[in-house]
Student: 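Sending over a structure as structure tokens; questions will come in a sec.
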Protein chains: 2
Amino acid sequence: MKKKILIHDIAKHLGVSIATVSLVLNGKAREKRISDTLAEKVLKYVDEVGYKPNQLAKSLRTGKTHVIGLVVEDIANPFFATIAALIERKALARGYRILYCSTNNDTTKALDLLAMFEEQHVDGYILALPNGVEAEVSALVRRSKPLVLFDRVLPGVLTNTVVVDGVAGTYVATQHLLAQGFTTIALIITQLEQTQMAARQQGYAQALREHNQPELVQEIAFPQEPEQIVLAMQRFFEAHPTCDAVLFATNYLGVSGLEALGRLGRRIPEQIAVVSFDDNDLFRLYSPPVTVVAQPMETLAESIIGALLNELERPGTTDALVQIQLTPQLVVRQSSIRPVAL
Amino acid sequence: MKKKILIHDIAKHLGVSIATVSLVLNGKAREKRISDTLAEKVLKYVDEVGYKPNQLAKSLRTGKTHVIGLVVEDIANPFFATIAALIERKALARGYRILYCSTNNDTTKALDLLAMFEEQHVDGYILALPNGVEAEVSALVRRSKPLVLFDRVLPGVLTNTVVVDGVAGTYVATQHLLAQGFTTIALIITQLEQTQMAARQQGYAQALREHNQPELVQEIAFPQEPEQIVLAMQRFFEAHPTCDAVLFATNYLGVSGLEALGRLGRRIPEQIAVVSFDDNDLFRLYSPPVTVVAQPMETLAESIIGALLNELERPGTTDALVQIQLTPQLVVRQSSIRPVAL
DNA sequence: CTGAAAGCGCTTACAG
DNA sequence: CTGAAAGCGCTTACAG
């Protein structure tokens with residue numbers, strides 16, 4: 001068990017001062033007029049003995065941890081898992097680590113996580129939060145903490161945001177269903193109080209309004225076992241036998257929806273057409289393949305990390321907010337194509 | 001913007017010493033014979049002003065960060081995403097945060113991550129690693145770092161492990177296929193050098209050997225685009241038209257396999273029976289539903305975090321290693337049932 | 001219980 | 001460039 005080597009040991013061995021070693025390691029050799037020869041000697045020896053500065057001490061002194069706090073709704077949700085994987089890779093490439101947590105849409109848990117991240121002195125925040133935490137996030141903004149909200153924003157909180165245009169997404173999807181000739185189009189949605197869901201409802205409502213068609217919206221309460229969600233949907237479809245198309249507002253509703261329709265023995269798209277927000281393996285490989293409103297995952301992740309790094313590495317200036325809205329893409333598959341033979 | 005409050009401010013305001021405040025906050029009031037009245041006064045005021053000790057300073061002093069480093073193969077893989085979600089929840093409940101990273105099965109990246117975690121002074125490690133990092137992990141073990149390997153272990157590294165019995169998993173699955181009367185059973189697998197994959201191959205080989213059936217194993221190189229994997233499988237199935245059953249050794253191989261069989265127009269299970277390791281929504285809802293070897297996710301997560309906390313909170317004693325092997329469960333669905341009418 | 005102090009391992013302004 | 005020192009914000013042994 002080798003003893004932990006300290007900056008002091010480096011300095012002593014090389015016969016230079018601690019300050020010299022520290023300055024060289026922090027790239028301030030030139031600035032502080034340390035000769036290149038000496039700087040190289042230091043770097044060479046540091047590399048040789050594998051000296052790594054104690055990050056805790058460094059962080060305590062500088063106030064920087066190079067850790068980013070990532071809050072998602074649920075890391076087991078494919079949308080968030082994919083985004084997390086992409087963000088992690090991009091952050092790591094820029095020298096930042098990710099401390100992550102899931103809120104499971106619980107406001108209390110979200111507040112705890114924000115407090116915890118603060119205690120850990122994360123350098124920046126990437127957040128997909130439930131409502132009810134506006135005051136705390138505003139406080140972070142006020143204190144100029146680097147921060148990006150994604151997926152959904154918070155009413156009244158003015159900060160950096162990266163979202164996907166939910167209105168356009170469901171508008172286009174609903175138009176598509178109408179164009180196919182479906183007449184009774186249901187929207188199954190959850191957490192309407194969240195901005196991304198409100199947007200998805202709006203796009204749906206707008207398209208129907210333009211065609212003078214009535215809305216048929218079923219909201220499903222969120223924190224529930226999948227089985228409960230499936231049962232709720234079974235009840236809904238049984239109560240609405242004339243419904244000939246359905247739009248699921250998010251991936252896990254789509255999955256539960258397919259399960260519910262399967263149990264009821266409804267044939268897709270002959271008896272009911274299906275479209276879901278978010279793409280994944282299941283929708284692509286299902287029989288029939290499911291039409292989806294796909295979010296641009298790569299661009300989303302790139303925009304999020306870009307916006308945050310912009311804040312993290314700004315030279316302390318007052319810069320404009322970054323507010324990005326990306327456009328989702330309708331991927332038409334068989335589940336929403338009206339059969340030719342009626 | 002409120003000024004950060006320090007332990008010194010608390011002490012001054014209450015007219016007590018810093019030591020008193022610190023001892024009370026660390027639950028050493030009784031031990032240090034501080035009166036309950038005073039202790040309560042301190043706690044009350046601390047709560048009132050919302051004082052939170054600076055964790056960096058605390059960590060620098062105590063050497064404890066209450067952060068656990070979690071290394072997975074890929075957080076976007078449903079198996080790892082699910083495990084991560086469960087571990088995170090259980091760790092948080094015990095006061096630990098999770099710093100996570102994906103290796104994508106890249107040995108160099110894995111080494112970087114281990115170094116990074118060490119720099120961050122994580123208290124403990126939960127690791128699913130690629131091969132080639134045995135020396136570094138052994139070094140951690142030698143230095144008594146709390147550590148648990150899961151999913152796969154490392155040859156020659158003696159430490160805490162939590163794995164699922166891969167031999168039993170594929171043995172039972174293969175037996176099932178044989179019992180159904182399938183004769184040419186292929187195994188599609190990857191990374192045979194990893195212990196969990198080697199075990200899965202073993203179980204398959206053993207079952208076939210007992211029935212004097214030949215093996216038909218196709219290994220797929222891992223770090224590949226999904227599309228490349230699908231194409232490789234298409235080639236395999238075309239090259240082996242007599243193959244009437246296939247066992248996929250892990251979830252993403254199963255997903256790609258369904259895609260490949262779909263493109264080739266092979267009917268399941270009429271033309272080919274399918275079983276995959278790992279369960280997920282896709283396998284459950286696919287037409288036909290796919291038979292799987294399901295890992296006990298909850299128990300797995302519970303065992304992992306339990307083993308680690310056991311190390312983290314032991315009173316510095318020499319305790320026995322924890323080596324847990326859980327049994328997977330064969331969930332028989334339609335994809336592997338031989339059609340009655342031939 | 002208090003008070004003063006050392007120490008965790010760094011960074012950095014300062015005088016020379 | 002060096003050397004001595006302060007300071008980041010804690011914890012804890014020590015003398016009283």
Student: For residues 91-103 of chain A, pull every pair meeting salt bridge (charged side-chain N to carboxylate O under 4.0 Å, His left out), keeping only residues two or more places apart or in separate chains.
Tutor: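 Sorted pair list: A/Arg97-B/Glu119.
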
Student: Let's test your reading of the pairing rules: Watson-Crick or G-U wobble, both distances under 3.5 Å, then write DNA chain D as a dot-bracket string with ( ), [ ], | and dots.
Tutor: |||.||||||||.|||

Student: What is the distance from NE2 of B/His13 to P of C/dT2, rounded to the nearest Å?
Tutor: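 Answer to the nearest Å: 15 Å.
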
Student: Tell me the interatomic distance from A/Ile34, atom CD1, to D/dG3, atom P, rounded to whole angstroms.
Tutor: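 That distance rounds to 13 Å.
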
Student: Take A/Glu193 and A/Asn131, measure what side chain to side chain donor-acceptor pair (under 3.5 Å) needs, and give me the verdict at the end.
Tutor: CA-CA 7 Å; A/Glu193 70 284 4; A/Asn131 287 17; 5.8 Å; no

Student: Could you give the NZ-to-P distance, from A/Lys12 to D/dT2, as a whole number of Å?
Tutor: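 Atom NZ in A/Lys12 sits about 16 Å away from atom P in D/dT2.
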
Student: With no hydrogens and no angle check, do the side chains of A/Asn160 and A/Gln323 hold a donor and an acceptor under 3.5 Å apart?
Tutor: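 The criterion, which ignores hydrogens and geometry beyond distance, is not satisfied for A/Gln323 and A/Asn160.
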
Student: Among A/Val71, A/Thr159, A/Val141, find the residue that satisfies the side-chain contact (heavy atoms from CB on, under 4.5 Å) test when tested with A/Leu149.
Tutor: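 For A/Leu149, the side-chain contact (heavy atoms from CB on, under 4.5 Å) check succeeds only for A/Thr159.
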
Student: Are A/Lys145 and A/Asp123 ion-paired here, with the side-chain N under 4.0 Å from a carboxylate O?
Tutor: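 No, A/Lys145 and A/Asp123 are not salt-bridged.
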
Student: Does B/Leu23 offer a backbone N or O that forms a donor-acceptor pair with the side chain of B/Asn26 under 3.5 Å?
Tutor: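 No; zero donor-acceptor contacts below 3.5 Å.
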
Student: Indicate whether OP1 or OP2 belonging to D/dC1 is found under 4.0 Å from a side-chain N or O atom of A/Ser35.
Tutor: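 Yes, A/Ser35 has a side-chain N/O under 4.0 Å of OP1/OP2 on D/dC1.
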
Student: Can you confirm whether the side chains of B/Glu73 and B/Asn104 place a donor and an acceptor under 3.5 Å from each other?
Tutor: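 Short answer, no.
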
Student: In B/S/- notation, 5' to 3', how is nucleotides 6-13 of chain C contacted by protein heavy atoms closer than 4.0 Å?
Tutor: BBBBBBBS

Student: Can you tell whether the side chains of B/Lys44 and B/Glu48 come within less than 4.0 Å, N to carboxylate O?
Tutor: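 Counted as a salt bridge, because a side-chain N and a carboxylate O are separated by less than 4.0 Å.
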
